[in-house]
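Data first, discussion second: the structure below is written as structure tokens.
Chain naming here is simple, since letters A, B, ... match the order of the sequence lines and numbering starts at 1 in each.
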Protein chains: 2
Amino acid sequence: MKELAKELSLSVGTVSKALSDSHEISDDTKKKVAETASRLNYTLNPYASSLRNKKSKTIAVVLPEVADNFFSLAINGIQSVAEKKGYHVLIYLSHEKFSNEKSILSECCSGRVDGVLISVSSETTDAQHILKLQQQNVPIVFFDREFEGLHIAKVITNDFECGYASATHLISNGCKNPVFLSISSSLGICNHRASGFKAALKDKKIADPEKAIIECRGTKEEVDWQIKNLLTGKTKPDGIVASVERLAMSVYLVSQQINISIPAELKVIVFSTLETAPILNPPLTTITQPAFEIGKTAAELLFKGIEKKKYNLFDEIITLPSVLIERTSSQPCQFKKK
Amino acid sequence: MKELAKELSLSVGTVSKALSDSHEISDDTKKKVAETASRLNYTLNPYASSLRNKKSKTIAVVLPEVADNFFSLAINGIQSVAEKKGYHVLIYLSHEKFSNEKSILSECCSGRVDGVLISVSSETTDAQHILKLQQQNVPIVFFDREFEGLHIAKVITNDFECGYASATHLISNGCKNPVFLSISSSLGICNHRASGFKAALKDKKIADPEKAIIECRGTKEEVDWQIKNLLTGKTKPDGIVASVERLAMSVYLVSQQINISIPAELKVIVFSTLETAPILNPPLTTITQPAFEIGKTAAELLFKGIEKKKYNLFDEIITLPSVLIERTSSQPCQFKKK
DNA sequence: CTGAAAGCGCTAACAG
DNA sequence: CTGTTAGCGCTTTCAG
């Protein structure tokens, strides 16, 4: 910038103003500055600007995992609005570990980012790290996986309702003993889905609602093993609602291995945006979340919080509904109908 | 930091050194500084540091898309090494648009990042924007989708070989008229796969190698439409190699719609890390890239470039092999054997 | 409309 | 071992 100023025999102050299109600079010099800037292909040092302005034009997205259709679509949604606003997006992965999430958020306290979008890990049972961030006046918005009981904005989907719908769907298609596979009893979102599921079981007076919730934790292998045990056990279910994508994949894989036929012996529904659902064997019934929209809306909300300093905007809850898309995996079977 | 210094009645200089664990500070004061720092929960302003040190501890990852298994796994690989090094990861999406890629890379020139990992868009036919970045001494590593003919490090897979293998696999399983679906004739990686495919056709003296390469561009709907045309045309193929994940999904979807049975009438192979491949209908034969490893290796290479200023390290090419995993979609069929 | 100067928070060279 | 000081590149008063 000094060079630019020298080149044009102007002061750095003037150049700075010209580049930021200040009204107190003549159009003439603005043009000249712009020209020589691009000629010397000069670009503003973002960190110097950040230092002065105390804003980084950067947001953080904290998620448990990217290799999951829901989250990657959500990132697309987030990115689309960040791009429009000229913001940069830092991605952090907690890999479902609380300790990772903690250290990630502590990084976000340092002024590195102007706001945080977060989907909490399944291990998170304590919100100190989140509250600390909020105390530093960093705008935060939860998307999808919230932490309950905080005064923090969130963009979620109608989990309870969908849980309810998933159970009634299975029951009305003939299941007598449906179960719900959860990934964590501390995850609000999972609990809401499970509660809806249990409520439906209670209403229909089917099975024991409490026994119908099964928590699947651990590595992929451990989960596969748990599911195999479940499906070969004596009280084996005839219907499964998987709370997340990867559980359904395990169910399919295991069923294939041990020759359980879907939907004849076992009906399956999953909460997921899995693109390949219609071409699976058999096509998989999904409760499809508006993943892109959730990301987009959460980002828009965050920017509201970043732009206006009215933090009270921030008890906001936006619920975007999911839809149950019925496919073969949950269909009633001919020979079972009678 | 000034406050910290006042609190401890030390100078800012000393505090700074203490925090960065300089050898010229007594362990005693270091401990005190650390303590009060965490008590006041002070964190270093990263942008002030960046400004002084001329390094941002941040890398950029530029990719065409996140909602693709290959790329999300690659991000995992990248993130894993960035985290270990204490680096932050900015994600930029080109959405396969050259114009986006250009503006993204121009952002990277400003010193915002210490290095760039990039997988080019399918539209990219010109490398000015990449060269400009290189001229600014920003370390760059290509991963997966490279731009050919530049002196830039890359981590790729054995595309030619796999293209060759895919064709011979189809042919030896009975295909007389296999085709290769490309997404771009300007994409090195696609061309290598296609070249391998053509070479095999030539060696086996099957069909016209040149006519066997079909470019599928445009939106999802346009691609579906193209594929439908292909599969209902008079010279319809009996084998397809899809160069990327989403093309295979189109093929499956369309085949399902128009009742083409896989593998009896049409055998399919895809270059992809698709997790659901084994549970598709039918299970899909894949050429599975080591996506995580590619991301990880590319990041490691980038950090070599960032840490040593020996830029000549940078003509390096690392090839990590993919494997063909045979599943039902490409199997020879009983009644066709005779 | 343009220039001079102070300072954002931190680091590093140099003195003590 | 600790303090002082200059300056990273930019923005923003305040004067001219």
Side-chain angles (χ1 to χ4, degrees), chain A residues 1-38 40-58 86 88 107-114 136-138, chain B residues 1-38 40-58 86 88 107-114 136-138:
Chain A
M1 177 135 145
K2 258 193 271 182
E3 292 206 2
L4 250 187
K6 210 182 296 171
E7 184 86 6
L8 290 152
S9 40
L10 284 170
S11 74
V12 277
T14 310
V15 173
S16 169
K17 282 176 217 164
L19 287 172
S20 59
D21 200 34
S22 158
H23 52 272
E24 46 173 305
I25 297 289
S26 73
D27 287 353
D28 202 44
T29 41
K30 273 184 200 168
K31 225 171 285 172
K32 270 184 210 153
V33 171
E35 266 167 33
T36 37
S38 77
L40 306 181
N41 59 64
Y42 164 85
T43 41
L44 227 132
N45 179 317
Y47 296 126
S49 306
S50 295
L51 185 54
R52 278 286 334 214
N53 301 332
K54 280 144 173 332
K55 49 208 307 296
S56 59
K57 286 277 184 179
T58 304
H88 301 258
E107 280 285 353
C108 295
C109 285
S110 57
R112 183 180 291 279
V113 295
D114 296 342
Q136 314 260 338
N137 285 309
V138 179
Chain B
M1 177 137 147
K2 258 192 271 181
E3 291 206 3
L4 248 187
K6 211 181 295 172
E7 184 87 6
L8 291 153
S9 40
L10 284 170
S11 75
V12 279
T14 311
V15 173
S16 170
K17 281 178 217 161
L19 287 173
S20 60
D21 201 35
S22 159
H23 51 271
E24 45 174 303
I25 297 290
S26 72
D27 287 353
D28 202 42
T29 42
K30 272 185 202 169
K31 225 172 286 173
K32 270 184 211 153
V33 170
E35 268 168 31
T36 38
S38 76
L40 305 181
N41 56 64
Y42 164 85
T43 41
L44 227 132
N45 179 318
Y47 296 126
S49 306
S50 295
L51 185 55
R52 278 286 336 211
N53 300 333
K54 278 143 174 335
K55 50 206 306 297
S56 59
K57 285 276 186 181
T58 304
H88 301 258
E107 279 286 353
C108 296
C109 285
S110 57
R112 184 179 292 278
V113 295
D114 296 342
Q136 315 261 338
N137 284 309
V138 180

Whole-Å distance separating the CG atom of A:Asn45 from the P atom of D:dG7: 18 Å
Of the listed nucleotides D:dG3, C:dC10, D:dT11, the one nearest the side chain of B:Lys17: D:dG3
Closest approach of B:Val113 to B:Ser56 (non-hydrogen atoms, all atoms of both residues): CA-OG, 3.4 Å
Residue B:Ser49, side-chain heavy atoms: nucleotide from C:dC10, D:dC10, C:dA12 that is nearest: C:dC10
Candidates C:dG3, D:dG9, D:dT11 - which lies nearest the side chain of A:Leu10: C:dG3
Distance in angstrom units between A:His23 NE2 and D:dT12 C1', rounded: 12 Å
Side chain of A:Thr14 (C-beta onward), nearest among D:dC8, C:dT11, C:dT2: C:dT2
From C:dC10, D:dT2, D:dT4, nucleotide with atom closest to B:Arg52 side chain: C:dC10
Atom-to-atom span, NZ of B:Lys2 to P of D:dT4 - whole angstrom: 14 Å
Whole-Å gap separating C1' (D:dT11) and CG (A:Asp21): 15 Å
Length of the CD-C1' vector between B:Glu3 and C:dG9, whole Å: 13 Å
C:dT11 phosphate, OP1 or OP2, under 4.0 Å from B:Ser16 side-chain N/O: yes
Side-chain N or O of A:Thr29 closer than 4.0 Å to phosphate OP1/OP2 of C:dT2: yes
A:Leu44 CG - C:dC8 P separation (whole Å): 20 Å
Pairwise 5' ranking along DNA chain D for A:Glu24 and A:Ser20, keeping only the more 5' one: A:Ser20
Spacing of B:Asn41 atom CG and A:Ser110 atom OG [to the nearest 0.5 Å]: 11.5 Å
Separation of C:dG7 P from A:Leu51 CG (nearest whole Å): 14 Å
Nearest-Å distance for atom pair OH/P, residues A:Tyr47 and D:dT11: 15 Å
Sugar-phosphate only, base, or nothing, as touched by B:Ser26 at under 4.0 Å among non-hydrogen atoms: sugar-phosphate
Any B:Lys54 side-chain N or O less than 4.0 Å from OP1/OP2 of D:dG9: yes
Ion pair B:Lys32/B:Asp28, N-O distance below 4.0 Å: yes
Backbone N/O of B:Lys6 and side chain of B:Ser9: donor-acceptor pair under 3.5 Å: no
Min side-chain heavy-atom separation B:Thr58-A:Arg112 under 4.5 Å: yes
